[in-house]
K.L.:
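Please find one structure pasted underneath; my questions will follow.
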Amino acid sequence: MRDKLTSWMQGTKPVKTKPAGSGASPASRRSLLQTIVASSNESIRPEWYPRTPKSALPGVLLNIEYDGQKALAKLKLYNPSSMKVYEWLDNSEHHPYCLTDYSRSEIEKIKGVVEHKGFLKIEETSKFYLLLDKEQQLVSIVASDPLAIGGRRDSIREALGREHSWEADIRYTKCYTYDRALTPGLYYKIKEGNLLPVPQKFSVQDAAKIRGLFKTESEEFTLIEEYLPLFLSPAAYLPRISLDIEVGSPHIDRIPDPVTAEHPVTAVALSDDTETGIVFILHRSNEQDAKEPQLPERVAHQYFTEERQLLEAVFHILWRTPILLTFNGDNFDLRYLANRAKKLGIPSPDIPIRLRQGLGSNFEAHLKYGVHIDLYRFFHNRSIQIYAFRNRYREFRLEDISQALLGEGKRELPDLISRIPPDILAEYCWQDTRLTMKLTQFDNNLVLSLILLLMRVSHQGMHDLTRSAVSNWIRSLLYYAHRQRNYLIPHKEEIESLKGKAKTEAVIKGRKYLGAIVVEPQAGVHFNVTVVDFASLYPSIMKAYNISYETVRCSHPECKGNTVPETPHWICTKRKGLTSLIIGVIRDVRVEHFKPRSKDKTLSETQRSWYSVVEQALKVFLNASYGVVGAVHFPLYCAPAAESITALGRYAITETIKQAEALGVTVLYGDTDSLFLSNPGKEQLRKLIEYSERELRVELDVEKEYRYVALSSRKKNYLGVTKSGHVDIKGLTGKKRNTPLFLQRAFMQMVEILRQVQSPGDFAAAKERILRLAREHLAKLDRRDYPVEELAIRMQITKPPDSYVKTTPQHVKAARQLIRAGRDVSAGDIIAFIKTTDGVKPVEHASIQDIDISKYKDLVKSTFEQVLDALGIEWNETIGIRTLDTFFG
DNA sequence: GCGGACTGCTTACCT
DNA sequence: ACAGGTAAGCAGTCCGCG
């Protein structure tokens with residue numbers, strides 16, 4: 001046993017990995033995990049921690065933190081070849097501060113400021129005030145620590161009052177990042193105690209091409225110089241470790257409580273990025289000799305009889321782990337480990353984890369030495385789910401995400417964890433750890449590269465970036481831009497009082513302003529349909545029409561003639577809006593440079609994958625750029641700006657429809673930024689595209705060519721078959737995740753029939769096959785010939801089960817039955833239930849005899865009808881009656 | 001006491 | 001904790017019905 005572990009630690013064989021390149025691993029290198037475990041003669045917490053050398057090799061800036069004891073900003077740099085993290089403490093005398101419009105003499109009279117124990121000094125300064133388009137004299141109040149500025153009842157911010165203090169609610173680590181112009185995700189080095197940026201090497205060809213997109217000496221040209229290193233420096237390859245734990249709990253269906261941590265940690269598996277791993281297993285003495293777990297060759301294991309020793313072995317590794325990956329480590333694994341360790345008497349300086357209360361009910365687990373990425377939280381980010389991964393996963397368990405992205409599921413545990421033999425548990429634990437690592441390795445380390453790119457663009461460290469939502473990223477990007485240009489960051493209230501509220505009325509009750517147009521679909525089957533759409537419509541509008549919080553309803557009387565259609569608003573003609581500038585540049589670079597190259601087959605796969613990472617990162621910012629402007633919680637919220645964007649969007653699509661009709665092209669359907677055109681000629685298309693670019697200044701592209709489209713009479717519901725035989729299904733019930741599996745499958749069979757239709761003549765036969773299919777499934781329902789799980793309706797419970805007070809939806813009724821039977825149900829869980837003749841039942845409690853056949857037939861009917869009405873088939877006159885015939889016949 | 005018309009709530013989708 | 005617009009199903013309410 002010991003010998004095996006020793007030889008594993010020495011790990012003589014270098015690991016073969018993929019070829020070098022952007023985001024790729026070096027051709028071969030020593031395993032991070034083996035290197036760490038080999039240092040086992042050291043104590044749990046290494047003597048050299050924290051490591052703040054006078055000089056150090058270049059390292060990627062991973063995180064910007066605050067050292068409370070030393071009252072200094074602290075940077076974590078990661079050198080990938082030594083696989084070690086270095087710290088650097090600020091040496092520039094940078095201190096927390098906020099701004100005020102009081103004069104020096106006025107401030108001296110405010111006791112809460114000058115007599116505050118953290119007060120250091122006041123300095124006169126000046127900032128440009130975008131909202132009023134003028135320079136503003138201000139005073140900067142400097143303090144010794146962040147809490148002196150804000151965060152306590154007696155903070156300086158409170159003594160000044162909100163109307164007289166600015167930039168007082170920006171977290172100090174951010175403030176420091178912006179003032180020092182730091183870009184996390186890029187290389188820095190430490191030389192003679194100073195932090196220096198490492199000049200970035202990147203492709204001169206790419207840089208020249210990108211510069212060429214903009215006029216020299218334009219504001220865009222200046223901005224792009226700032227962005228080139230962010231977009232073009234190759235992402236460092238970052239060796240890393242993943243972790244998963246198992247806890248022996250006697251309760252089935254109940255997750256062990258990470259606060260009380262009352263049950264033993266029975267297994268901990270760690271993996272690095274070279275497929276090397278180790279599993280620590282608890283083997284209680286009263287059991288028989290444990291079997292050897294079946295693990296891959298590069299994976300070692302070690303049995304412990306004492307849980308405390310097992311935890312110390314894990315901590316020995318975590319004290320030396322530069323980047324740790326978990327799946328739900330914030331709220332479970334690391335939280336459990338830290339609390340359990342405390343309970344077992346491990347002294348807290350030896351515990352490598354620091355727990356903090358995050359936003360809402362979330363906990364955050366920081367690594368004292370390195371940085372912890374909780375992949376659950378990153379994948380849970382809606383922008384990542386929708387824009388980076390195009391909604392490929394729709395639920396957030398490790399199982400769902402790895403199935404969707406890796407095509408690899410996990411083995412289900414057969415039994416209660418405390419009853420599973422330790423060797424089997426170890427195998428299961430290893431499997432999850434391995435999947436967690438793999439989630440960052442597929443597609444040339446896409447996820448890690450994406451994180452690095454997003455860190456650079458938003459100027460946020462890895463810890464915050466992977467835990468915050470897109471509005472946070474954009475806020476950070478814009479605050480950075482304000483600080484770089486010495487613009488004062490305005491208060492939300494100032495924007496609102498100067499610009500006012502929204503002036504249009506939304507279609508939906510409770511919404512703030514009018515949104516997009518959806519064209520009434522012409523129901524039926526249409527052959528040769530071309531779909532055109534505006535490339536990034538809203539960002540393009542922001543760029544072309546100069547939309548930004550400061551330019552909408554600006555203060556210059558001479559701009560009032562530059563009006564926005566269907567609104568009382570006008571746009572500045574004298575100054576380029578900051579948001580407009582930034583979003584415009586990002587849009588141009590994505591559309592003109594990175595997107596085409598990400599699809600260019602003449603480039604190597606590695607090159608393409610880098611272009612694609614940048615393209616996807618930029619897309620995330622672009623897609624959210626309009627939304628945040630209209631989001632009340634966003635600190636630069638500006639309803640008039642948001643409704644101007646949608647108003648111009650409506651203008652663009654309606655004018656294009658008019659033009660299409662003038663050109664003799666029939667518009668079959670359209671939604672927000674797209675138009676479905678009936679068999680347009682080449683020349684007509686060219687003219688339409690030219691028109692929108694010339695007259696509307698937005699780019700119109702051919703997006704898709706359908707062999708045919710089946711439009712139902714409902715908006716946002718259609719099925720289209722491309723010329724290559726690919727089927728797009730939008731909005732149809734058969735595709736929704738809450739539709740029972742049997743019906744999703746039946747629907748897919750119908751789609752397959754439709755996919756094969758080549759010409760109008762094929763429809764008669766296709767219709768017959770679809771009718772037969774529907775009848776078969778109805779008959780199968782009558783025979784109750786499906787597993788009951790396939791009849792389950794799976795619906796998410798979005799709130800805590802007891803907070804449904806207005807109505808009690810069916811899934812909540814089912815959830816309450818589960819709770820009565822002793823199961824945990826919390827917000828975000830998916831409840832699977834079936835319909836019975838007497839209400840609903842959770843599928844766990846149901847048998848096939850319980851189901852209400854007629855309710856399921858109604859479901860089949862409404863699902864098929866959405867397609868059948870496009871094909872001109874009436875359900876009642878065909879299937880309904882004939883089914884009765886067969887029933888009585 | 002029950003069903004239809006209606007409104008409102010909830011979820012899942014589209015752009 | 002980015003927006004508004006649409007569909008669907010059900011819960012709950014009101015009203016008529018001798």
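Source: prediction; values computed, not measured. Below, read A as the first sequence line, B as the second, and so on, with proteins coming before strands; counting in each chain starts at 1.
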K.L.:
More than 12 non-hydrogen atoms from neighbouring residues, nucleotides or ligands closer than 6.0 Å to CD on E505(A), yes or no?
P.N.:
no
K.L.:
Per the side-chain hydrogen bond (donor to acceptor under 3.5 Å, both in side chains) rule, which among H463(A), R356(A), Q357(A) passes with E364(A)?
P.N.:
H463(A)
K.L.:
Could you state the atom-to-atom distance from CG of L719(A) to P of dC13(B) in whole Å?
P.N.:
16 Å
K.L.:
Under 3.5 Å, is there a donor-acceptor pair between the S712(A) and Q866(A) side chains?
P.N.:
no
K.L.:
Answer yes or no: is there an ion pair linking K512(A) with E643(A), defined by an N-O contact shorter than 4.0 Å?
P.N.:
no
K.L.:
So if I apply the side-chain hydrogen bond (donor to acceptor under 3.5 Å, both in side chains) rule between S540(A) and each of R587(A), E699(A), R697(A), which one comes out positive?
P.N.:
R587(A)
K.L.:
Between dA7(C) atom P and D869(A) atom CG, what is the distance in whole Å?
P.N.:
12 Å
K.L.:
Describe the nucleic acid contact of G627(A) in one word from base, sugar-phosphate, nothing, applying a heavy-atom distance below 4.0 Å.
P.N.:
base
K.L.:
Could you check whether N472(A) gets within reach of a base, just the sugar-phosphate, or nothing at all, counting any heavy atom under 4.0 Å?
P.N.:
nothing
K.L.:
Counting primed atoms plus P, OP1 and OP2 as sugar-phosphate and everything else as base, spell out the protein contacts along nucleotides 4-11 of chain B at 4.0 Å heavy-atom distance: B, S or - for each nucleotide, 5' to 3'.
P.N.:
----SSSS
K.L.:
What is the distance, to the nearest angstrom, from the CZ atom on R650(A) to the P atom on dT15(B)?
P.N.:
19 Å
K.L.:
If you compare every side-chain N and O of K716(A) against the phosphate oxygens of dC14(B) (OP1, OP2), does one of them come in below 4.0 Å?
P.N.:
no
K.L.:
Name the residue closer to the 5' end of DNA chain C, choosing between V518(A) and V628(A) according to the nucleotide with the nearest heavy atom.
P.N.:
V628(A)
K.L.:
Think T672(A) has a side-chain N or O under 4.0 angstrom from the OP1 or OP2 of dT15(B)?
P.N.:
no
K.L.:
Does a nitrogen or oxygen in the side chain of K735(A) sit under 4.0 Å from OP1 or OP2 of dC14(B)?
P.N.:
yes
K.L.:
Roughly how many Å is it from NE2 in H380(A) to P in dC2(C), rounded to a whole number?
P.N.:
13 Å
K.L.:
Looking across every strand, which nucleic acid part, if any, lies under 4.0 Å from A642(A) by heavy atom: base, sugar-phosphate, or nothing?
P.N.:
nothing
K.L.:
Decide, yes or no, whether a salt bridge links D400(A) with R397(A) under the criterion of side-chain N to carboxylate O below 4.0 Å.
P.N.:
yes
K.L.:
Report which part of the nucleic acid R394(A) touches: base, sugar-phosphate, or nothing (heavy-atom distance under 4.0 Å, all strands).
P.N.:
sugar-phosphate
K.L.:
Using a heavy-atom cut-off of 4.0 Å across all strands, would you classify R714(A) as base, sugar-phosphate, or nothing?
P.N.:
sugar-phosphate
K.L.:
Looking at dC2(C), dC14(B), dA7(C), which one has an atom nearest to any side-chain atom of D671(A)?
P.N.:
dC14(B)
K.L.:
Check this one for me: any side-chain N or O of K813(A) less than 4.0 Å away from OP1 or OP2 of dC10(C)?
P.N.:
no
K.L.:
Does the distance from a Lys or Arg side-chain N to an Asp or Glu carboxylate O, for K841(A) and D850(A), drop under 4.0 Å?
P.N.:
yes
K.L.:
What's the OH-P distance between Y637(A) and dA1(C), to the nearest Å?
P.N.:
18 Å
K.L.:
Please determine, by modelled atom types, if Y706(A) and D728(A) share a side-chain donor-acceptor pair under 3.5 angstrom.
P.N.:
yes
K.L.:
Tell me the interatomic distance from L711(A), atom CG, to dC14(B), atom C1', rounded to whole angstroms.
P.N.:
14 Å
K.L.:
Without hydrogens or angle criteria, can the side chains of Y178(A) and S476(A) be said to hold a donor-acceptor pair below 3.5 Å?
P.N.:
yes
K.L.:
For residues H811(A) and Q796(A), is any side-chain donor paired with an opposing acceptor at under 3.5 Å?
P.N.:
no
K.L.:
Is any side-chain N of the basic residue among R377(A) and D374(A) closer than 4.0 Å to the acidic one's carboxylate O?
P.N.:
no
K.L.:
Are any of the side-chain nitrogens in E661(A) or K658(A) under 4.0 Å away from the carboxylate oxygens of its partner?
P.N.:
no
K.L.:
To 10°, what angle do the rotation axes through the five end pairs on each side of the helix from dG1(B)-dC17(C) to dT15(B)-dA3(C) form?
P.N.:
10°
K.L.:
Using whole Å, report how far CG of L622(A) lies from P of dA3(C).
P.N.:
18 Å
K.L.:
Could you state the CD1-C1' distance from I645(A) to dA3(C), rounded to the nearest angstrom?
P.N.:
10 Å
K.L.:
For residues 530-542 of chain A, which residues have at least one heavy atom under 4.0 Å from DNA chain B?
P.N.:
none
K.L.:
Select base, sugar-phosphate, or nothing to describe what T646(A) touches, counting heavy atoms under 4.0 Å on all strands.
P.N.:
nothing
K.L.:
Ignoring backbone atoms, test whether Y387(A) places a side-chain nitrogen or oxygen under 4.0 Å from the OP1 or OP2 oxygen of dT15(B).
P.N.:
no
K.L.:
Salt bridge or not between R467(A) and D330(A)? Use side-chain N to carboxylate O under 4.0 Å.
P.N.:
yes
K.L.:
Quick check on dG9(C): is either OP1 or OP2 less than 4.0 Å from any side-chain nitrogen or oxygen of S862(A)?
P.N.:
yes
